[in-house]
Amino acid sequence: MTLPELFGCTFIAFGPPFALFVFSIANDPVRIIILIAAAFFWLLSLLLSSLLWFAVVPLRDVLAFGVVFSVLFQECFRYIIYRILRSTEQGLHAVAEDTRITENKHILAYVSGLGFGIISGMFALVNVLADMSGPGTMGLKGGTDLFFMTSAAQALSIILLHTFWSIIFFNAFDTNNYLHIGYVVVTHLFVSLLTLLNADALYWATLLPNYIVTILTGVLAFKVAGGSGRSFKRFVMCR
Amino acid sequence: MAQEVKSAAIWLLLLLQSSAIVISERTRDKIYQPIIGASCFRRLNGTHQTGCSSTYSGSVGVLHLINVEADLEFLLSSPPSPPYAPLIPPHLFTRTNLLRLKEAGPRIISVVLLINRPKKMNQFSHELNCPNQYSGLKLDNRTETVTCDVTNVGNTWNPWGTGLLHEDFPFPIYYIADAEEIDKLESCFEKFNNFDYASHALRSLCAVEVKSFMSAAVNSEVCMRRTNFINNLGGSKYCDPLEGRNVYATLYPRNSPENLEANAARRVNANEKFIIVSCRLDTTSMFDGLGLGAMDSLLSLATLTHVAHMLRLLLPTQSTLPDPKRNVLFVAFNGESYDYIGSQRFVYDIEHLAFPTRSTHSTPISFENIEFMLDIGTLDDIRNIKLHTLTATPLAQQLLQKLNQYAKSPRYGFNVNIESNVGYQIPPTSAQSFLRRETKFPALILNAVPGNKYYHSVYDDLDNVAFIYGNTSEDYTILADINDKKYFDADSLQMKVRNVSSIVAMALYETLTGKQYQGNEVASSILADEFFYCYLQSSDCPLFKASSYPNSPAGLPLPPMRYISVLGGSQESSGWTYRLLGFLLSHPEPNVPKENCSQLPLFYFAGLNGTGECRRTTQNFTSALSPAFLIEDYDWRSGQYSTWTESTWSQFSARIFLRPSNVHEITTLSIGIVVFIISFCLIYIISSRWEVLFEDVPASNAALPPPTAC
Amino acid sequence: MDEHDVPSSSAAAAAADVDDSQSGAAERLERPPRRQQKQKISNYGSNEQLERNNADHTDGPVLAVPYVVVRGTNSQPPRLSAGGADGGPGPSQQELEEEQGLKYGAQHVIKLFVPVSLCMLVVVATINSISFYNSTDVYLLYTPFHELSPEPSVKLWNALANSLILMSVVVVMTILLIVLYKKRCYRVIHGWLILSSFMLLFIFTYLYLEELLRAYNIPMDYPTAVLIMWNFGVAGMMSIHWHGPLRLQQGYLIFVAALMALVFIKYLPEWTAWAVLAAISIWDLIAVLSPRGPLRILVETAQERNEQIFPALIYSSTVIYTYMGTHYTPEQPLPTATSSPSYSNSTTTTRTTQNSLASPEPATGGSTARPGNSRAHQRQQETQAAAEGMPLVTFKRNLHGNEEAAGFTQEWSANLNDRVARRQIEVQSTQSGNGRLSNEYRTVTAPDQPQPELPEERGIKLGLGDFIFYSVLVGKASSYGDWTTTIACFVAILIGLCLTLLLLAVWRKALPALPISITFGLIFCFATSAVVKPFMENLSAKQVFI
Amino acid sequence: MDLSKAPNPRKLQLCRTYFLTGFAFLPFVWAINVCWFFAEAFRKPTYPEQSQIKRYVIYSAIGTLFWTIALITWIVIFQTNRAAWGATADYISFIIPLGSA
């Protein structure tokens, strides 16, 4: 029935990540493994945070609590995976096909970030998508029929954000740039808490800032990863 | 590490003690809302399929409330975003409207919801004008019965019938009885659909999805063939024949030695004489599990029960009768609504000397044993009941005279007048199966002039018979005195039943004993009260309790289902009637201990006050499965026997939700595709020339000249 | 401007924690030529094609040879000297082997991820589309207790009893198989295998087809159905038990495993399925690792007999090559150390075009780029190189719940000579300078040597049993209608597989593939459906993203 | 197994076996044969057995095509006439659809 909606939202949310995967991950077994490992670590963080949420019965309905802690847990695990990757770098160097992955450290960061992003996006969206396959759409008991599209857009922004965050985060720890670390954690908290407004269908109040943050973070990540206005110009000029 | 372990342990403890289970709401719970109701389903006979079925995956339609005929025009003349699901109140659920909806086709009308708003309704019967039109008494092998003239609707047995029960609909019809559910539907319609019809195509509309997919198709022949033919590992079932149980009981136990057959040779005991008093046990309606048939069949069942009860109490032992070989056989036929399944089978069994069954160890009964048959038809209006016979016979004369003698006697003050009606204008009752075999068969039919506007419909309920439960916790097992009218006023249902059954019982009393009835005792209206309470309101009632095993689980607080249904279906009504007749027609056996009281004819009842008692009963079952399913390669189109089958289905369900407009869907999809393609191109470009973009960082890349790709 | 020099320094730092700084310098010194010649490739316009080449066939001696040389020289200078000093297997050898083990491990992991994921995909899709496999109404003979009572305790002991029975059957069958194998009753074993795969390919496929059509209410006539079944089954038998295209064989093995998993999901009671999963992985552990474990015995027997084990049992990421070295000697003489680069490149490029997988030769070849590589040394190296191809020993169960062991191919020793020969080729090619030769490597167009390529598959092999039980786990998880649980199980299992393969590459011995993955899978399945699911549903219902 | 390693006579033998097997109502095997040996037959540089392989491949292709057409036509005929054929259609039915003639 509303298979169109299903596919539409799937494309919106997972099209870009899929493209990223196809063009930058799929060729290199090591990257695939790192991707999945990152996903696994994200799962662990989620498990911990939901355990906390589940255990603290009184605060179950206060989603903000769970959100804050899960964000913190995620960042912790981001750090853990950072440590792990950096410590196994030598091994990776030996393992990797094309050594770009170890020469350019941002690739590791990017891959693990994408892993984080994809899995979190999936967990946020996959059940919604499954429910979307029925004949109905949102809105019978409150909620607008924009629900699905906004969820998809939101998930996309989260996926991209995770990627950028990892790039910034890893680099920040390489260079002891605490500003960047702070930036990552704060923006993550900001975005997640902002989405609390979605419950009241204040979509523009959430989507707009989130995408602004996404773009800013993207630019920062671009800079961090060695891009610059000049290089970008050249990149564009090449046409 | 240790701390982690500790904290984990603490968490686990918390988990264990936090017994509050999390109610997490899936998105689908916010999308859908279930609607409780009853669905129309598919039945098949030898030639046709009737009823309705949804599509395989469930039919979806946009809700549209029909208040006046004009609203239908909106749906039928180029609706903005079909398919629609009209919400139709009963008074608009007419043949013409339904047929128009059917013609419109499933692309326009995908679901029909019948909502329980009976304000303007003044008639509602979906049976044919001539019930059982194609079975019953036929002459010079016409396909239609001669006992009813379709062309003259006013003179038919169901003048208000629309015949929709025998139509085949391409869409499911769902009946919503509960007021809350109706409010849900209406509010949803008002909120989302009931404005600016022009823009229906552009916005999300409140729609309903009904799942009632029927497995069977075409006709009984096809679906039975497919069911019996195992064509792969897991054979699948398409339809079941309608099947139930007739309940019968004799006034006197047939325990005289010549009636107990020692050897298996089925010999008829020629000098046994039976007066058959019969009625119909079942009823039907369009929707699954609904339909009480209060007026169309329950009245006659009540009368039969009272007659049996009264005769049992009045009459002396069989040996003292002038003709000690005489006996009365009370039979309640099942499945009569579907071409006389029960009576056809009964006749078939008697022909084959298969009644009673071997298991009863009693001699079979042949037609020679039957003295005459008094069939109690519908008693819509007891003021003018007619005694129908095919031909004028002295027997009929005498009985009519006896009946009227009591009916009119000032002594009892029933002031009922029973007229005679001779000829082919015979009501659609079980007697027709007997007459069909042999027109000389002495069948007399008590039947009132049809006055039931809700024949075979969900509205033939206690309101239709104006029943109010008196709940007089009096002893209903004893006969009442003629003069006590304290509980029920004269024209209450209880009194009507009391009067009619008293008249019949007295007439039969006179017939059996040869003496006129002089007593003051008449049938008990309290029994009638309890009887109707059980059959119309709740199976969890005193009468059923008394007539079942002591402290056996009480029946549901719902009236028993009286649709014949299929093998393995709930045979509630036949079961209760069986116990009831057993209880009311039996003699107590005080000196038989409980443990020896398990084998028929001995039966252990809870009794009036719940302390069990052992009684010698006479009741039993016979199968009510149409002979058509017994005869090898029966010709399904011959119309000789009932061929009704009921399709199997997996589920009935209905839910409402918002159906997104095509515009919305297309927009979503196109946005998705655009995003997808753009991201692909973009990322391909970037990844193919990422050295350019991120030139500065990796030392090894730094020395590179720009790639030749650009 | 810190972005500019930070990464380089960090690179140096990262390099420094393994090498000394001058090695880092050497690194920078060494690499540019390679990059340059990489550019040259693109000049030749065959950029895409080559990129894709060394993308798809991640083994590329094409690139590997110079790489290894570079790394070998700068990343472990002490080793080089050690390697130079004695040709024997010093510690340097060990570590090199380890690296390569990891390297091919990485490729093998992916080569296994794909089929495992496919198998799970088939199962999950079936579970979600065909309700038949979702409801247990009929039961296996081995599970007499049907968990019908609502009591959890009763269910529990039912499940335990069932799994105990099932496991004992499994154990008996294993031992029976070992006995047969020891007694060399190959006919019996083969008959057994053929019978079981026959049943799967015909009866269960029949059932599957029927339910599939039923689920979508599609009419079909017997002639068509029979023809389809007949074709499908026979082709399957041919490609599994005889010769067939590799992809087809792999496809059939995946499908058979999926069918088997579906059978388990369908006919095992709820809790029993979980109990069996746990029990089977424990049994796997015992049977493979314990000194007298039946599968270990089987492996050793197979080893000392130099046999490869029945293809019906194992998913092989490469061709199972049956007649090694039989055709080699007549057709071409042993190439000598002075064979031409063009020839050597033929060996390499054809290896990239064939789908055979990562073989350690180029690497080891690179590592042997030093004076005095004696035959003994190479042979000994062979043994170690062979070790990383060592597959996981696993079982396959057919519907009787019995199981056969799956070994691995031992062809390395069978065709030792060819290896030695080609070893010499590569040694020669690598000896003659890296950059230039590797250029030649690339500039040469697709080779057209009629003589067949030398056999050298040593792809990792995973028993169908692992496919089956992974899929059972994921399928069971997905049968609760919650996709997050399914995904969690999936990820957990893949990670478990990764770890197993990592250990395999490190320990160099046959390992059970089930325990780690299944443990992870079970933990995540239950944790997710109990704790994470409500959390995530609350979040996604309120559209909160974390 | 891997063709690129098999000696030519072996290839020819395989191809022939597949071709002959196909006659046992096994169009699928023919299809496999075509796909599998196509490169051998047409892409590879010529070698003595190639002509035969080519012939087998072509015959297999023809056989596959024939079978495909035959099967499709039969299915079309059956699906269109199933309701009309009545009992006979039911008796040769593997799956009889629910709820339709």
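Chain letters run A, B, ... following the sequence lines, proteins first and then strands; every chain starts at 1. Both backbone and side-chain heavy atoms feed into the values below; hydrogens, waters and symmetry mates do not.
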Colleague: If I measure from the heavy atoms of chain B, does Met149(A) come under 4.5 Å with its side chain, its backbone, both, or neither?
Modeller: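 For Met149(A), the contact with chain B is made by the side chain alone.
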
Colleague: Could you tell me which residues in residues 652-660 of chain B have at least one non-hydrogen atom under 4.5 Å from a non-hydrogen atom of chain A, sorted by residue number?
Modeller: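 Contacts with chain A: Arg655(B), Ile656(B), Phe657(B), Leu658(B), Arg659(B), Pro660(B).
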
Colleague: Do other residues, nucleotides or ligands put more than 12 heavy atoms under 6.0 Å from Gln651(B) CD?
Modeller: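 Counting other residues, nucleotides and ligands, CD of Gln651(B) exceeds 12 neighbours.
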
Colleague: Phe680(B) and Phe23(A): ring-ring contact (aromatic ring centres under 6.0 Å, His included), yes or no, with the steps?
Modeller: CA-CA 9 Å; Phe680(B) 243 77; Phe23(A) 288 121; 5.3 Å; yes

Colleague: Any non-hydrogen side-chain atom of Phe11(A) less than 4.5 Å from a side-chain atom of Ile671(B)?
Modeller: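 In short, these two side chains do not touch, never coming nearer than 4.5 Å.
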
Colleague: Which heavy atom of Ile31(B) sits nearest to which heavy atom of Gly136(A), and what is that distance?
Modeller: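 What the structure gives for the nearest pair is CG2-C, 3.8 Å.
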
Colleague: More than 12 non-hydrogen atoms from neighbouring residues, nucleotides or ligands closer than 6.0 Å to CG on Asn176(A), yes or no?
Modeller: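 Yes, the 6.0 Å shell around CG holds more than 12 heavy atoms from other groups.
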
Colleague: Not counting sequence neighbours, which residues clear salt bridge (charged side-chain N to carboxylate O under 4.0 Å, His left out) with Arg117(B)? List them please.
Modeller: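 Arg117(B): salt bridge (charged side-chain N to carboxylate O under 4.0 Å, His left out) contacts with Asp183(B), Glu186(B).
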
Colleague: With a 4.5 Å cut-off on side-chain heavy atoms, are Met132(A) and Arg28(B) touching?
Modeller: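 No. Closest side-chain heavy atoms not under 4.5 Å.
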
Colleague: Which distance, rounded to the nearest 0.5 Å, do you find between the CG of Leu3(A) and the CG of Leu669(B)?
Modeller: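 One finds 10.0 Å between CG of Leu3(A) and CG of Leu669(B).
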
Colleague: Is it the case that atom CZ in Phe74(B) sees more than 12 heavy atoms from other parts of the structure closer than 6.0 Å?
Modeller: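 Enclosed.
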
Colleague: To the nearest 0.5 Å, what is the distance between CD on Glu665(B) and CZ on Phe7(A)?
Modeller: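 With rounding to 0.5 Å, CD (Glu665(B)) is 12.5 Å from CZ (Phe7(A)).
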
Colleague: Compare all side-chain heavy atoms of Leu140(A) with those of Cys188(B) and state whether any distance is below 4.5 angstrom.
Modeller: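 Counting from C-beta outward, Leu140(A) and Cys188(B) do come under 4.5 Å.
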
Colleague: With only heavy atoms counted, which part of Phe222(A) is less than 4.5 Å from chain B, the side chain, the backbone, both or neither?
Modeller: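 Backbone plus side chain of Phe222(A), per the 4.5 Å heavy-atom cut-off to chain B.
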
Colleague: Looking at Thr137(A), Ile12(A), Val128(A), which has the largest count of heavy-atom pairs under 4.5 Å with chain B?
Modeller: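 Going by pairs under 4.5 Å, I would pick Thr137(A).
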
Colleague: Working to the nearest 0.5 Å, report the span between NZ of Lys141(A) and CD of Gln33(B).
Modeller: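 Spacing of NZ (Lys141(A)) from CD (Gln33(B)) equals 5.0 Å.
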
Colleague: Taking side chain to side chain contact (heavy atoms under 4.5 Å, CB included) as the test, write out the residues that go with Leu202(A), two or more places apart.
Modeller: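 Testing Leu202(A) for side chain to side chain contact (heavy atoms under 4.5 Å, CB included), a comparison that skips the adjacent residues, returns Leu197(A), Asp200(A), Ala205(A).
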
Colleague: Does some side-chain heavy atom of Pro4(A) sit less than 4.5 Å from a side-chain heavy atom of Ile666(B)?
Modeller: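 Answer no - side chains too far apart.
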
Colleague: Indicate the atoms forming the closest heavy-atom contact of Ser679(B) with Gly15(A), along with that distance.
Modeller: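 Where Ser679(B) meets Gly15(A) most closely, the heavy atoms are OG-C, 3.9 Å.
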
Colleague: Is Ile686(B) in contact with chain A via its backbone, its side chain, both, or neither, using a 4.5 Å heavy-atom distance?
Modeller: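 It is both, since atoms from each part get that close.
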
Colleague: Looking at every non-hydrogen atom in both residues, tell me the closest pair between Thr668(B) and Cys9(A) and how far apart they are.
Modeller: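 Minimum heavy-atom separation between Thr668(B) and Cys9(A): CG2-SG, 3.9 Å.
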
Colleague: Applying disulfide bond (SG atoms under 2.5 Å apart), can you list everything that pairs with Cys40(B), at least two apart in sequence or on another chain?
Modeller: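 By the disulfide bond (SG atoms under 2.5 Å apart) rule, Cys40(B) matches Cys52(B).
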
Colleague: Looking at side-chain heavy atoms only, is the closest gap between Asn127(A) and Thr27(B) below 4.5 Å?
Modeller: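 No, too far: nothing below the 4.5 Å cut-off.
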
Colleague: Should Ile685(B) and Phe235(A) be marked as a side chain to side chain contact (heavy atoms under 4.5 Å, CB included) after you check the CA-CA gap, both sets of side-chain angles, and the distance that decides it?
Modeller: CA-CA 10 Å; Ile685(B) 296 168; Phe235(A) 180 77; 3.7 Å; yes

